[in-house]
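Below is one structure, written out as structure tokens; comments come after it.
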Amino acid sequence: MNILVTGAAGYIGSVVTERLLEEGYNVIAVDNLQKGHRDALDSSAHFECADFGDPVVLDDILSTHQVSGVMHLAADSIVPESMFDPQKYFRNNIVSSLNLLNAMVKYNVSKLVFSSSAAVYGIPESIPITEDASISPVSPYGESKIIFEKILKWYGSAYGLGAISLRYFNAAGATSIHGEHHEPETHLIPNVLKVALGKAQHVPIFGSDYETADGTCIRDYVHVVDIADAHLRALSKIEDIGVKAYNLGSEKGYSVLEVVRIAEQVTGVDIPVVFEPSRAGDPPVLVASSELARKELGWNPRYPELEDIIDSAWQWQSKYPDGYLN
Ligand SMILES: NC(=O)c1ccc[n+]([C@@H]2O[C@H](COP(=O)([O-])OP(=O)(O)OC[C@H]3O[C@@H](n4cnc5c(N)ncnc54)[C@H](O)[C@@H]3O)[C@@H](O)[C@H]2O)c1
């Protein structure tokens, strides 16, 4: 079965591709390498180095390969950047994604798994966040994700598209061959581990006066392998489910300082921190309820403990201290 994966050379896309190949799918990988890495792509995937929203590229791929489903991970995804450059986010995450959807309709590809985000909820009224919580994103990034989710609903009723949106909380961790390497890196765990590796002096912590026990933000971390597994489960259930969104989180929250402390235990290295002003659009606490995904997708995370998540990231970063070279 041929699956088109957009953003396959990115962090989560590389692991989704790895899992699909392990399960015997053929992967057509599309990535323009604006953020991804060629070395993150398994050589047994068919790689198109291209913009996933280019109608000519999409025509070419979908007329050549018998594609059964699409996993759409490619996006711009840096929240602070989206605050001052919303155009970029709406163009890539909505306009280009719409081109992808239209090509799917044209070639009768009726299954889509979409990478959505906890950012659709904005500042939650209660914790843990369930899928029926109010949707009020506080960044153009979060807005772009929910607008596309809404488009999926209408394409479902008009064209019979089946689409599952997976609202990831914080993806983290690595497999033995694929890990997290962004330039610039904005995610906490790889930045904490860079300090442990001696590649940075300290971890910047944005905000120390949030209404949490230690004053730093609380987040929910989910292993990238468990996210990839959820994609496979979603793909196999789309036909029965239709169009629906599911949270993917670990249901446990850790403050930034707790993450640093656990990373010190895992690595055996002291990790200095420096406090900086809080950032616009950073909610104090984001913790998911993933009960719906457990119940309806049969999702059962294999690596729920933060120690294991950090340990897998540490193994990968120690093995590849400069990340991917290409
Ligand atoms: N990492 C997280 O914690 C997290 C949390 C919530 C949601 N998400 C979502 O998951 C998805 C993957 O996230 P990630 O962390 O792996 O990001 P990433 O930046 O590592 O990967 C995205 C990939 O998409 C590619 N890409 C972007 N625009 C493209 C285009 N127009 N054409 C072709 N390729 C393009 C990039 O080159 C990159 O390889 C994104 O949609 C993101 O919004 C991520």
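It should be emphasised that the depicted structure is a prediction, and the values quoted were computed from it without experimental measurement. Read the numbers this way: they start at 1 and go in the same order the structure lists the ligands and their atoms. Numbers for residues simply follow the sequence, beginning at 1. Just so it is clear, the values below take in all heavy atoms, side chains as well, and ignore hydrogens, waters and symmetry mates.
Backbone and side-chain nitrogen or oxygen atoms of G13 are examined, and none is located within less than 3.5 angstrom of a nitrogen or oxygen of ligand 1. For ligand 1, the polar-atom distance check finds no N/O of S117 at less than 3.5 Å from any of the ligand's N/O atoms. For ligand 1, the polar-atom distance check finds no N/O of V30 at less than 3.5 Å from any of the ligand's N/O atoms. Close N/O approach between Y11 and ligand 1 is found [any backbone or side-chain N/O within under 3.5 Å]. For ligand 1, none of its N or O atoms has an N or O atom of Y168 under 3.5 Å away. Between G7 and ligand 1, a contact under 3.5 Å exists for no N or O pair. Where the criterion is an N or O separation shorter than 3.5 Å, residue side chain and backbone included, G53 fails it with respect to ligand 1. Any N or O atom pair closer than 3.5 Å counts here, and G36 shares at least one such pair with ligand 1. Looking at S116 next to ligand 1, no N or O pair under 3.5 Å apart turns up. Between E180 and ligand 1, a contact under 3.5 Å exists for no N or O pair.
Nearest to atom 28 (N) of ligand 1 among the protein's heavy atoms is N92 ND2, 2.9 Å. Summary of contacts: the protein heavy atom closest to atom 43 (O) of ligand 1 is Y141 OH, 2.6 Å. Nearest to atom 35 (C) of ligand 1 among the protein's heavy atoms is N32 OD1, 3.2 Å. Of the protein's non-hydrogen atoms, I12 N, 2.8 Å is the one closest to atom 16 (O) of ligand 1.
Close approach to S77 involves these atoms of ligand 1, each under 4.0 Å from a residue heavy atom: 42 (C), 43 (O). Less than 4.0 angstrom separates some heavy atom of A171 from each of these atoms of ligand 1: 1 (N), 2 (C), 3 (O).
Remark: the backbone N or O of F169 is not paired with any side-chain donor or acceptor of D220 at under 3.5 angstrom. Put simply, the side chain of D39 gets close to the backbone of N326: a donor and an acceptor are under 3.5 Å apart.
The side-chain heavy atoms of H181 and Y320, taken from C-beta on, include no pair separated by under 4.5 Å. Between M1 and I3 there is a side-chain heavy-atom pair separated by less than 4.5 Å. Looking at heavy atoms from C-beta onward, P301 lies in side-chain contact with R294 at the 4.5 angstrom threshold. Using a 4.5 Å heavy-atom cutoff, the side chains of L101 and L112 are in contact.
Evaluated by nearest non-hydrogen atom to atom 12 (C) of ligand 1, the leading choice among V57, D51, L73 is L73. Nearest-heavy-atom check against atom 18 (P) of ligand 1 across H37, K35, H72, H182 picks out H182. Of the options I78, N170, D31, T186, the smallest heavy-atom separation from atom 37 (O) of ligand 1 is shown by D31. When F148, F52, F169 are ranked by how near their heavy atoms come to atom 30 (C) of ligand 1, first place goes to F52.
Residue L4 holds its CG atom at 9.0 Å from NE2 of H65, rounded to the nearest 0.5 Å. Considering CG of L58 and OG of S63, their distance stands at 10.5 Å, rounded to 0.5 Å.
Between F148 and H72, the ring planes are perpendicular. Angles over 60° get that label, and only those under 30° would be called parallel.
Counting heavy atoms under 4.0 Å from ligand 1, residue K145 touches it through the side chain alone. Of all the heavy atoms of A50, the ones lying under 4.0 Å from any atom of ligand 1 belong exclusively to the backbone.
Residue contacts with ligand 1 include A9, since one of its heavy atoms falls under 4.0 Å from the ligand.
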